[in-house]
Amino acid sequence: IYELEYWISDTAGNESEHAVYTYKIDTHEPQNLEICLEGSKMKEDISPTIQYDRFYQSAVSGSARADFGVSGKSYIKLMLTDETGISANSNGWKESDEFVINPCERGCIYMLAEDMAGNQAILKTQGIVVDNQAPVGEYGGKFIHIQTEANENNFYKDDVKVSLSADDL
């Protein structure tokens, strides 16, 4: 914060009243962005893909915070998404510093922090999966697919080719 005091005088020695103008300058983006899930700090993910590292069976809650510096906090916005490359101009941001991830949801959390001067910073976490449903066979069918026919006595005399498949969140 800078303060400028100014006045004008002429060559005859006349002087205007003194005035003061305050300049508030903050050129630094918010620092120390942090997202905690169930009280534990999440890892930042700078990779161009999503690296899933947290798995839960029931809803989980979390919070977000940042240090906003001289100008103070304007807002924190959050987004859970399975997309990468999210920017401040992307759709889907929700203004809040608390969140809940419900069953059958997954993705990484993006955090957008903006200070009162308009400086912005973005954080992307590693991925989270909240899944309360057991895996099922591919397309609702069986997990194991035997590709070799058994003989009439239900025996195999050669190698049996087996493939496994499943659908899950």
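For the numbers below, each heavy atom of this structure counts, side chains included, while hydrogens, waters and symmetry mates do not.
Atoms CG and OG1, on Asp45 and Thr84 in that order, are 9.5 Å from each other to the nearest 0.5 Å. Taking CG of Asp97 as the start and CG of Leu78 as the end, the distance is 7.5 Å to the nearest 0.5 Å. Atoms CD and CD1, from Glu44 and Ile122 in turn, are 11.0 Å apart once rounded to the nearest 0.5 Å. To the nearest 0.5 Å, the span separating SG on Cys108 from CD on Glu83 amounts to 9.5 Å. In this structure, the separation between CG on Asn151 and NZ on Lys157 is 8.5 Å, given to the nearest 0.5 Å. How far CZ of Arg65 is from CD of Glu98: 13.5 Å, rounded to the nearest 0.5 Å.
Under the 3.5 Å distance criterion, the side-chain polar atoms of Asn32 are left unmatched by any main-chain donor or acceptor of Asp67. Using a distance-only test at 3.5 Å, with no hydrogens or angles considered, a donor-acceptor pair links the side chain of Glu38 to the main chain of Ser61. In terms of modelled atom types and a separation under 3.5 Å, the side chain of Lys124 and the main chain of Ser47 share a donor-acceptor contact. With hydrogens and angles disregarded, a donor-acceptor distance shorter than 3.5 Å links the side chain of Gln31 to the backbone of Glu29. Listed for the Ser90 side chain is a donor-acceptor partner under 3.5 Å among the backbone atoms of Ser87. Listed for the Asn153 side chain is no donor-acceptor partner under 3.5 Å among the backbone atoms of Phe155. Using a distance-only test at 3.5 Å, with no hydrogens or angles considered, a donor-acceptor pair links the side chain of Ser16 to the main chain of Ile8. Although no hydrogens or angles enter the test, the distance criterion places a donor-acceptor pair under 3.5 Å between the side chain of Asn119 and the main chain of Asp26.
Below 30°, between 30° and 60°, or above 60°: for Tyr110 and Trp93 the angle between ring planes is above 60°, a perpendicular geometry. Below 30°, between 30° and 60°, or above 60°: for Tyr23 and Tyr21 the angle between ring planes is above 60°, a perpendicular geometry.
No side-chain donor-acceptor contact under 3.5 Å links Gln51 and Gln126. No side-chain donor-acceptor contact under 3.5 Å links Tyr75 and Glu95.
The two residues Arg54 and Lys41 make their nearest non-hydrogen contact at NH2-O, 3.0 Å. The two residues Gln133 and Asp131 have their closest heavy-atom pair at N-OD1, 3.0 Å. Residues Ile50 and Gly127 approach most closely at CG2-CA, 3.8 Å, considering heavy atoms. Nearest heavy-atom pair, Ala59 versus Val100, reported as atom, atom and distance to 0.1 Å: CB-CG1, 4.2 Å. In terms of heavy atoms, Phe68 sits closest to Glu114 at CE2-O, 3.5 Å. Smallest separation of non-hydrogen atoms from Cys36 and Gly39: CB-C, 4.4 Å.
Note on Leu33: it clusters hydrophobically with Ile109, by side-chain heavy-atom contacts below 4.5 Å among ILVMFWY residues. Under a hydrophobic-cluster definition in which Ile, Leu, Val, Met, Phe, Trp and Tyr are linked whenever side-chain heavy atoms come within less than 4.5 Å, directly or via other members, Tyr56 and Ile35 are assigned to the same cluster. Two different hydrophobic clusters hold Ile86 and Met111 under the rule that ILVMFWY side chains link at heavy-atom gaps under 4.5 Å. Both Ile76 and Leu123 are assigned to one and the same hydrophobic cluster, defined by single-linkage of ILVMFWY side chains at heavy-atom distances under 4.5 Å. Hydrophobic clustering, with ILVMFWY side chains joined whenever heavy atoms are under 4.5 angstrom apart, groups Met42 together with Val60.
Residues Thr125 and Lys43 are not in side-chain contact: their nearest non-hydrogen atoms beyond the backbone lie 4.5 Å or more apart. Annotation: side chain of Ile128 is in contact with side chain of Leu37 (closest heavy-atom distance under 4.5 Å). Between Ser71 and Asp115 the shortest side-chain heavy-atom distance falls below 4.5 Å.
For CD1 of Ile46, the number of neighbouring non-hydrogen atoms (other residues, nucleotides, ligands) closer than 6.0 Å is 12 at most.
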Take Asn132 and Ser58 through the side-chain contact (heavy atoms from CB on, under 4.5 Å) test and state the conclusion after the steps.
CA-CA 6 Å; Asn132 64 352; Ser58 56; over 6 Å; no

